[in-house]
Amino acid sequence: GEADRGFFWNMNISKAELIYRKNVLWNVVAGIINAAEAVIIVAVVSRVNGLKDAGILTFAFSVANLLMTVGKFGVRNYQVVHESEEYSFQDFFHFRMVTVGIMVVSAVIYTFYNLRIYDGVSQKMACVFWVCMWYAVEAFEDVFAGSFQARGRLDVGSKMFSVRWILTLCAFIAADFVSKDIVKSAICGFAVCFISGTVFIIYTYFKYMDKNKWHVSKGMGVLFKESISLCIASYLYIYITNIPKYAINTYLGDETQAVYGYISMPVFVIALLNSFIYRPQYVLYSTEWKEHKIQQFSHRVMRQMLVLVVIVVVCLLGAFLLGIPVLSVLYHENLSPYKVHLLETLFASGFLAVGGFLANIFTVMDEQKRAMLIYLVVSLAGRVIIYHMAAQYQLSGAVWGYMITMILLAVVFGIAYVGILKKAGHDRC
């Protein structure tokens, strides 16, 4: 667009370099919005509606993110690497229609199951359902964003994501100020999300998509077999990060849920900052691995690990100096008693980022089944650890259990990665 050309107007660079910079820029914008969407909404609800409603929305976001892994089926990075070589966009498109349908049905079943089992949760379950519908739109949009990225246009999908979420946030916030009802506001947000998402998908598809590549196809059956482990791994990744919220929902209640939501909001910041750097290079990781450039590949991974260490240190320092004052103002609550918990969750998120990054690298190396098994083992261990510690030590126990689980995740992934790399070095000498 004109804004993009103005941004680079005086730079004497090639078209390829211009597109790469746009990819990086819009990936950063989308990442910031992705990190801020729940923070902004919960902050508004905390001030306008109170602590209980903020806790309900915190839980709603955790459920919606978990179900979105079913909708996306963990196939985004696989699509970027394999579309046009082994599969057509049509394969991914039809497959995504099925998986988003399963996501919506799952949300309906989850909602009605909880309404039948528990008393007095109608508002909570209605809010959970409509927030899930926001993410159903995102899951469907993602198949187009993945195809644009496969064509070297990560910026196009990032723009769609960013504008749609800004409109959704504005709609929810305006409705909540007027109605002070989170269910009505969530419905209003969904209406805007659905309409804007539909318009953007249609516009970008006809403007950027090369329809001539639809003939290459291995078929949806093969795609399902290849991606089922990615879906399970993505599901377990989100489940692991949210186990403390499920434990708090079981043992402690909505007010404690809100407090944990406040101090754990920065959890994904480190992983997102890390993704700003490695996501635009994802095709390079894939190319180096396919061309058997093991040393270059491993050096690129190690450089990213060093970048991650720097990000963790900077974030911890920022959280130590400014974290509690900023969060207290943001959420209109005195969070001073929870400073140590904030630092612990942020420290743990560094290990989460290591696990998430290496899981993506495993996809490049066609080791997604191994990543799935690692997530499965760690999620089972984390479920036992976090629920036990939350029951014994309440909020402190949930945070300590989370930290132990994230360290375990990073260590197991690290050991497996070294083993795969050594084997690849021997096999490809």
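What's counted below: heavy atoms across the whole structure, side chains too, no hydrogens, waters or symmetry copies. For reference, positions follow the sequence shown, starting with 1. What you see is a predicted model; the values in this text were computed from it and never measured.
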Identify the heavy atoms of [X] and [Y] that sit nearest to each other, and give their distance.
X: Gln123; Y: Ile182; value: NE2-CG1, 3.8 Å
X: Thr58; Y: Gly261; value: CG2-CA, 3.7 Å
X: Phe200; Y: Val163; value: CZ-CG1, 3.5 Å
X: Met372; Y: Ala233; value: CA-CB, 3.9 Å
X: Val183; Y: Cys127; value: CG2-N, 4.1 Å
X: Tyr237; Y: Leu352; value: CE1-CD1, 3.3 Å

[X] versus [Y]: any side-chain heavy-atom pair under 4.5 Å?
X: Ile407; Y: Met403; answer: yes
X: Ser185; Y: Ser179; answer: yes
X: Ile202; Y: Tyr205; answer: no
X: Cys132; Y: Val63; answer: yes
X: Gln79; Y: Phe89; answer: yes
X: Val384; Y: Leu380; answer: no
X: Val259; Y: Tyr338; answer: yes
X: Arg96; Y: Phe92; answer: no

Classify the angle between the aromatic ring planes of [X] and [Y] as parallel (below 30°), tilted (30 to 60°) or perpendicular (above 60°).
X: Phe140; Y: Phe144; value: perpendicular
X: Phe73; Y: Phe95; value: perpendicular
X: Tyr239; Y: Tyr235; value: parallel
X: Tyr417; Y: Phe297; value: tilted

Distance check, rounded to the nearest 0.5 Å: [X] atom [atom1] versus [Y] atom [atom2]?
X: Leu223; Y: Ser88; atom1: CG; atom2: OG; answer: 9.5 Å
X: Ile238; Y: Thr241; atom1: CD1; atom2: OG1; answer: 4.5 Å
X: Leu409; Y: Ile240; atom1: CG; atom2: CD1; answer: 5.5 Å
X: Ile248; Y: Asn242; atom1: CD1; atom2: CG; answer: 10.5 Å
X: Ile102; Y: Leu67; atom1: CD1; atom2: CG; answer: 12.0 Å
X: Ile361; Y: Arg300; atom1: CD1; atom2: CZ; answer: 9.5 Å

| said: Please determine whether side chain to side chain contact (heavy atoms under 4.5 Å, CB included) holds for the pair Phe177 and Val44, giving the CA-CA distance in whole Å, both sets of side-chain angles, and the decisive distance to 0.1 Å. | reply: CA-CA 9 Å; Phe177 271 111; Val44 170; 4.2 Å; yes
| field | Phe61 atom CZ, neighbour heavy-atom count above 12 within 6.0 Å | value |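 Yes, enclosed.
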| query | With a cut-off of 6.0 Å (strictly less than), are more than 12 heavy atoms of other residues, nucleotides or ligands near CD of Gln394? | reply | no
Check: [X]/[Y] side-chain N/O donor and acceptor closer than 3.5 Å:
X: Tyr262; Y: Ser46; answer: yes
X: Thr168; Y: Arg164; answer: no
X: Asn27; Y: Lys22; answer: no

Flag, side chain of [X] to backbone of [Y], donor-acceptor distance under 3.5 Å:
X: Arg76; Y: Val143; answer: no
X: Asn23; Y: Leu154; answer: yes
X: Ser196; Y: Cys193; answer: yes
X: Ser328; Y: Leu335; answer: yes
X: Asp254; Y: Lys52; answer: no
X: Arg151; Y: Ser147; answer: yes
X: Asn34; Y: Ala30; answer: no
X: Lys339; Y: Phe320; answer: yes
X: Asn114; Y: Tyr110; answer: yes
X: Gln257; Y: Lys245; answer: yes

| ring pair (Phe, Tyr, Trp, His ring centres under 6.0 Å) assessment of Phe190 paired with Trp130 | CA-CA 7 Å; Phe190 169 71; Trp130 287 110; 5.5 Å; yes
| said: Determine whether Leu57 and Ile41 satisfy the following criterion, side chain to side chain contact (heavy atoms under 4.5 Å, CB included), listing intermediate values before the conclusion. | reply: CA-CA 8 Å; Leu57 265 172; Ile41 286 179; 3.7 Å; yes
| task | Report yes or no: is the cationic atom of Arg383 (NZ for Lys, CZ for Arg) under 6.0 Å from the centre of the six-membered ring of Tyr387, at an angle within 45° of the ring normal? | result | yes
| said: Assess the residue pair Glu333 and Leu327 against the criterion (side chain to side chain contact (heavy atoms under 4.5 Å, CB included)); give the C-alpha distance rounded to whole Å, side-chain angles, the decisive distance to 0.1 Å, and a yes or no. | reply: CA-CA 8 Å; Glu333 287 287 332; Leu327 290 175; over 6 Å; no
| request: Would you please test Lys180 and Asp53 for salt bridge (charged side-chain N to carboxylate O under 4.0 Å, His left out) and show each step? | output: CA-CA 10 Å; Lys180 294 182 173 55; Asp53 281 357; over 6 Å; no
| Ring-ring centroid check Phe362 Trp289, cutoff 6.0 Å | no
| task | Would you please test Met389 and Tyr402 for side chain to side chain contact (heavy atoms under 4.5 Å, CB included) and show each step? | result | CA-CA 9 Å; Met389 296 189 74; Tyr402 174 75; over 6 Å; no
